[in-house]
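Below are the structure tokens for one structure; questions will follow.
Predicted model, so just to flag it, every value in this text is computed and none were measured.
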Amino acid sequence: MYTLKEGWNVMFGEMPLKNWDGKMYCTETDAAKSLRTNETQGFLSAYTFTLVTEGWVTLLYNRRMLTLQADDLYFYSPGLTVTVVAASENYRGICLMADENTTIEIPTVRD
């Protein structure tokens with residue numbers, strides 16, 4: 001399983017910020033960026049929340065086909081399979097990613 005930082009490097013080739021610690025990151029996404037997730041061989045050890053702000057995206061998530069449209073929220077849990085099947089040209093979203101170990105270390109989550 002890839003950590004968030006390792007997975008980001010595999011998908012995009014460079015870190016989003018020079019001194020990024022790989023614990024958490026919020027970014028905008030589009031069809032091209034989302035389709036890059038299909039290039040990752042293996043699972044991402046991170047939680048990902050994506051709010052669709054425009055257009056639509058179709059995912060195969062844990063053997064279920066989902067089509068999300070504007071104002072839908074998608075939540076990815078570590079260890080489950082996801083494939084981006086298709087996305088509209090105008091697809092846009094806001095993505096919050098949190099490394100699994102970082103999330104587990106938060107006292108509220110542990111308690």
Go through the steps for E28 and T53 under the test side chain to side chain contact (heavy atoms under 4.5 Å, CB included), then give the verdict. CA-CA 10 Å; E28 291 181 319; T53 58; over 6 Å; no
Distance-only check: which donor-acceptor pairs under 3.5 Å involve side-chain atoms of residues 14-24, not counting sequence neighbours?
| unit_1 | atom_1 | unit_2 | atom_2 | d |
| --- | --- | --- | --- | --- |
| W20 | NE1 | M24 | O | 3.0 |
| D21 | OD1 | K23 | N | 3.0 |

Should side-chain heavy atoms under 4.5 Å link Ile, Leu, Val, Met, Phe, Trp and Tyr, which residues sit in the same cluster as I94? none
Are Y25 and L96 linked, directly or through intermediate hydrophobic residues, by side-chain heavy-atom contacts shorter than 4.5 Å (ILVMFWY only)? no
Give me each pair satisfying side chain to side chain donor-acceptor pair (under 3.5 Å) with a member in residues 80-97, each pair once, sequence neighbours excluded. S88-N90
Using the test side chain to side chain contact (heavy atoms under 4.5 Å, CB included), find all partners of E100 that sit at least two apart in sequence or belong to another chain. M1, S45, Y47, P78, I104
Residues that, via side-chain heavy atoms closer than 4.5 angstrom, fall in one hydrophobic cluster with L60: M65, V85
In short, side chain to side chain donor-acceptor pair (under 3.5 Å) pairs touching residues 59-77 with sequence neighbours left out are T58-T67
L68 to L59 - nearest heavy-atom pair and separation: CD1-CD1, 3.9 Å
How long is the span from the NZ atom in K33 to the OG1 atom in T27, to the nearest 0.5 Å? 4.5 Å
One should read off an interatomic distance between D99 CG and E6 CD, to the nearest 0.5 angstrom, of 9.0 Å
Cluster question for you: counting only ILVMFWY and a side-chain heavy-atom cut-off of under 4.5 Å, with indirect links fine, are L44 and V84 together? yes
Do F75 and L66 sit in one hydrophobic cluster, given that two such residues count as connected whenever their side-chain heavy atoms are within less than 4.5 Å of each other, even indirectly? no
Which residues share a side chain to side chain donor-acceptor pair (under 3.5 Å) with T29, sequence neighbours left out: S34
